[in-house]
Peer 1: 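This is the structure I want to talk about, given as structure tokens.
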Amino acid sequence: MSIGATSSATSVATLLHSETVEDDEIADTKQELEQGLLAQPAFISPKYFYDALGSVLFEAICFLPEYYLTRTETSIFKCHQNEIAHCIQPGSTLIDLGAGNCAKAAQLFPVIGPAHYVPIDISIEHLTDAVCQLQQRFPHIKMTALDRDLSQPWTLPAHIEKSRRVFFYPGSSIGNFHPEVALAFLKQIRTLCANNGGLLIGIDLIKEHTILNSAYNDSLGVTAAFNLNVLNHVNRKLGSNFNLDQWRHFAWFNESQSRVEMYLEARTDLDICWPGNRRNFVKGERIHTENSYKYSLPSFLNLLESVGFGATTYWTDEHTWYAVIYAKVA
Ligand code: AVI
């Protein structure tokens, strides 16, 4: 009886604590969105692309003929799987950063044979479903799903093995960080690798501008839908009154910054309101939603070296549009 009383008191305390944490998270999100919308020029963090619909739209983008990144990376993994397996010995802890539906890592399981798989993503619902299915296909691999916002400082729980950690960061997601943030991110991974780990990473390379521009302006308009959908997500989080019909998708390769920039452009003068605030946009004014940096292979290898990765092995496709790199701790 007294045990019951104690545990129910504990569970009420736990519930109240988690409700407070949730309230804090909601307040932080609102503050972050409001700050971006009131900034000059306005911006929305690309992490808000990935609500349930946004995650599905991104999966569709990966199948588009113009979006060469995914299929090129997949073909590099396929062509060079033996060499990749040679770099990553079996029995490692594979930490999948921004795992999504876990499909990319799952393709590598038979090749690199991890002992422990640790997928990390901002959207835990999406991740938990994927991990449950994966666990049935690979019952011998221990799996631990973690929710983390990789655009904020993050850590790994103490129970994740320190030795032989292999971080997996495919899809050129590093390109969505400003280079200074990318550097800090790589430094953190280097620290978490301890002394016998590594990083398997995919990066999109600088190439002809027409190819880059069409990858982010596909003819079916899926990237436009992905970009516009962020406004639905913002409306739900902030209580704002964005109407998607009043905005258009805009993306271009900014050569001087070596990045594809995505924006939402107001089709007309607009008054956007949300509880406690508002902002006017004039026709043609833009909200910046994403940067996708493109690197040269030497500059990215230098970056890896500068944060303390030693031997790097890399593989590219026949056009040198994309690179997969395995960087070992020095
Ligand atoms: C997730 N990330 C690497 C994609 C990219 O290419 O920057 C997101 C994306 N944005 C538009 N299309 C795809």
Side-chain angles (χ1 to χ4, degrees), residues 43-74 76-77 96-105 119-123 126-127 148-151 167-179 181-182 185-186 199-231 233 247-254 257-265 286-295 300 317 321-325:
F43 67 90
I44 298 172
S45 163
K47 70 182 177 197
Y48 294 103
F49 284 140
Y50 302 95
D51 64 353
L53 178 57
S55 300
V56 172
L57 287 169
F58 179 64
E59 281 177 26
I61 286 176
C62 295
F63 287 102
L64 294 171
E66 295 95 336
Y67 196 76
Y68 58 85
L69 287 81
T70 315
R71 65 167 185 279
T72 309
E73 184 182 68
T74 305
I76 295 174
F77 281 138
D96 189 356
L97 303 168
N101 62 9
C102 306
K104 287 185 182 178
I120 300 182
D121 208 287
I122 192 167
S123 159
H126 205 56
L127 192 58
R148 296 284 185 279
D149 176 356
L150 296 176
S151 69
F167 287 84
F168 181 48
Y169 202 34
S172 193
S173 295
I174 191 93
N176 296 129
F177 291 137
H178 185 277
V181 181
F185 187 79
L186 291 172
L199 166 67
L200 183 64
I201 188 166
I203 58 154
D204 195 19
L205 301 175
I206 299 167
K207 61 187 62 61
E208 219 181 285
H209 302 184
T210 48
I211 297 165
L212 288 167
N213 283 323
S214 34
Y216 293 81
N217 288 286
D218 62 282
S219 48
L220 275 175
V222 183
T223 310
F226 172 72
N227 195 10
L228 284 161
N229 178 61
V230 81
L231 298 179
H233 197 188
W247 296 85
R248 73 162 60 92
H249 164 74
F250 180 84
W252 76 298
F253 179 61
N254 179 339
Q257 299 287 330
S258 195
R259 67 190 190 196
V260 173
E261 298 174 0
M262 287 213 316
Y263 297 89
L264 289 164
E265 186 178 290
R286 291 176 185 159
I287 303 176
H288 192 177
T289 51
E290 188 180 60
N291 289 321
S292 195
Y293 283 86
K294 310 300 167 187
Y295 286 91
F300 201 82
D317 56 289
W321 281 359
Y322 197 92
V324 170
I325 304 170

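Along the sequence shown, the residues carry numbers beginning at 1. Ligands are counted one by one from 1 in listed order, and the atoms in each one are counted from 1 as well.
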Peer 1: So, using side-chain contact (heavy atoms from CB on, under 4.5 Å) as the criterion, who are the partners of Phe49 when residues are at least two apart?
Peer 2: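 For Phe49 the side-chain contact (heavy atoms from CB on, under 4.5 Å) partners, ignoring immediate neighbours, are Pro46, Phe226, Asn227, Val230, Met262, Thr289, Glu290.
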Peer 1: What residues, two or more places apart in sequence or in another chain, satisfy salt bridge (charged side-chain N to carboxylate O under 4.0 Å, His left out) together with Glu59?
Peer 2: none
Peer 1: Measure from the side-chain N and O atoms of Asn291 to the backbone N and O of Tyr293, and report whether any donor-acceptor pair falls under 3.5 Å.
Peer 2: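 Looks like no, no N/O pair under 3.5 Å.
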Peer 1: Ligand 1: which residues have a non-hydrogen atom closer than 4.0 Å?
Peer 2: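 Its neighbours under 4.0 Å (heavy atoms only) are Tyr50, Phe58, Ile61, Tyr67, Gly171, Ser172, Ser173, Asn176, Tyr216, Thr223, Phe226, Met262, Glu290, Ser292, given by chain and number.
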Peer 1: Parallel, tilted or perpendicular: which one describes the rings of Phe250 and Tyr263, with boundaries at 30° and 60°?
Peer 2: tilted
Peer 1: Below 30° counts as parallel, above 60° as perpendicular, anything between as tilted: where do the rings of Phe177 and Phe185 land?
Peer 2: tilted
Peer 1: Of all residues at least two apart in sequence or in a different chain, which pass the side-chain contact (heavy atoms from CB on, under 4.5 Å) check with Ala224?
Peer 2: His249
